[in-house]
Amino acid sequence: MRGFSVTLGSVIGLVVVAALVLVGLPTYNVYSKQMQGKAAYEEAVQNRRIRVLEAQAALDSAQLNAQAEVARARGTNEANRIMAESLGGPENYLRWAYIDMLKETAGKSGRETIYIPTEAGMPVLEAGRVSRRQTE
């Protein structure tokens, strides 16, 4: 009788384990899917937050760049006004700027260019072109 009770106990134990597996496995699968869904949702929320923060940073950067450009333009405007006043007005400032541009560009093309003003105060610009056409 003792052998029968061990066998009956083993069978009952196996039935209980099988019942737990049959009930527990689908329940675990449902639980696992819920956790995967929650994890995917939290990841999507975090990705959205990151995109919002990146967009806010780009907006802040653009606004600061615009403010810097405005400040730079105001500084340039003030510098030009001071320079024009110190040279005796806008006409003299433009003349000075033209001469300064000539200094900066002189000799950069591999040859010296000399500008000779005419009576109207404008340089003769076509002289170099005419001599090149004749040599070609």
Side-chain angles (χ1 to χ4, degrees):
M1 210 33 150
R2 187 154 166 82
F4 179 73
S5 66
V6 170
T7 308
L8 183 61
S10 297
V11 169
I12 292 174
L14 285 175
V15 168
V16 168
V17 168
L20 287 175
V21 168
L22 290 175
V23 170
L25 192 58
T27 304
Y28 174 76
N29 286 338
V30 169
Y31 172 78
S32 175
K33 296 293 182 186
Q34 284 177 344
M35 290 298 113
Q36 288 174 358
K38 286 181 182 180
Y41 173 76
E42 290 299 323
E43 182 180 0
V45 167
Q46 184 64 23
N47 289 339
R48 181 180 168 272
R49 286 182 188 145
I50 290 170
R51 285 193 306 272
V52 167
L53 289 174
E54 287 174 347
Q56 184 65 45
L59 175 64
D60 293 345
S61 175
Q63 288 173 340
L64 291 174
N65 285 337
Q67 289 175 1
E69 283 296 316
V70 168
R72 210 174 356 265
R74 285 185 181 141
T76 301
N77 183 30
E78 183 68 15
N80 288 342
R81 187 189 59 74
I82 292 169
M83 190 68 146
E85 286 177 4
S86 68
L87 291 172
E91 286 295 320
N92 289 337
Y93 174 69
L94 291 174
R95 188 172 292 118
W96 173 84
Y98 176 72
I99 292 169
D100 191 54
M101 182 270 310
L102 291 176
K103 286 181 194 175
E104 288 179 15
T105 60
K108 287 194 178 179
S109 63
R111 64 187 178 127
E112 288 292 322
T113 303
I114 301 172
Y115 296 96
I116 303 170
T118 62
E119 319 73 62
M122 298 300 294
V124 177
L125 300 175
E126 297 297 320
R129 293 184 190 163
V130 171
S131 65
R132 274 188 277 157
R133 285 188 201 136
Q134 291 173 353
T135 60
E136 289 177 356

With sequence neighbours left out, which residue pairs that include part of residues 62-71 fulfil the salt bridge (charged side-chain N to carboxylate O under 4.0 Å, His left out) condition? E69-R72
How close do W96 and L87 get, counting heavy atoms only, and between which atoms? CB-CD1, 3.6 Å
E78: partners by side chain to side chain contact (heavy atoms under 4.5 Å, CB included), with sequence neighbours left out: R81, I82
Are L20 and Y31 in one and the same hydrophobic cluster, where Ile, Leu, Val, Met, Phe, Trp and Tyr link if side-chain heavy atoms are under 4.5 Å apart? no
Heavy atoms from other residues, nucleotides or ligands near CD of E85 exceed 12 (cutoff 6.0 Å): yes
Establish, from distance only, whether the side-chain atoms of R95 and N92 form a donor-acceptor pair under 3.5 Å. yes
Other members of the hydrophobic cluster containing L53, with the 4.5 Å side-chain heavy-atom rule, please. none
When Ile, Leu, Val, Met, Phe, Trp and Tyr are grouped by side-chain heavy atoms lying under 4.5 Å apart, directly or through other members, which residues fall in the same group as V30? none
Can you name the side chain to side chain contact (heavy atoms under 4.5 Å, CB included) partners of V45, sequence neighbours left out? Y41, R49
Listed once per pair and sorted, the salt bridge (charged side-chain N to carboxylate O under 4.0 Å, His left out) pairs that draw on residues 15-42, sequence neighbours left out: none
If the condition is side chain to side chain contact (heavy atoms under 4.5 Å, CB included), which residues does D60 pass it with, not counting sequence neighbours? Q56, Q63
Here the gap from L22 atom CG to T27 atom OG1, rounded to the nearest 0.5 Å, amounts to 10.5 Å
Mind checking what makes side chain to side chain contact (heavy atoms under 4.5 Å, CB included) contact with S32, not counting sequence neighbours? Y28, Q36
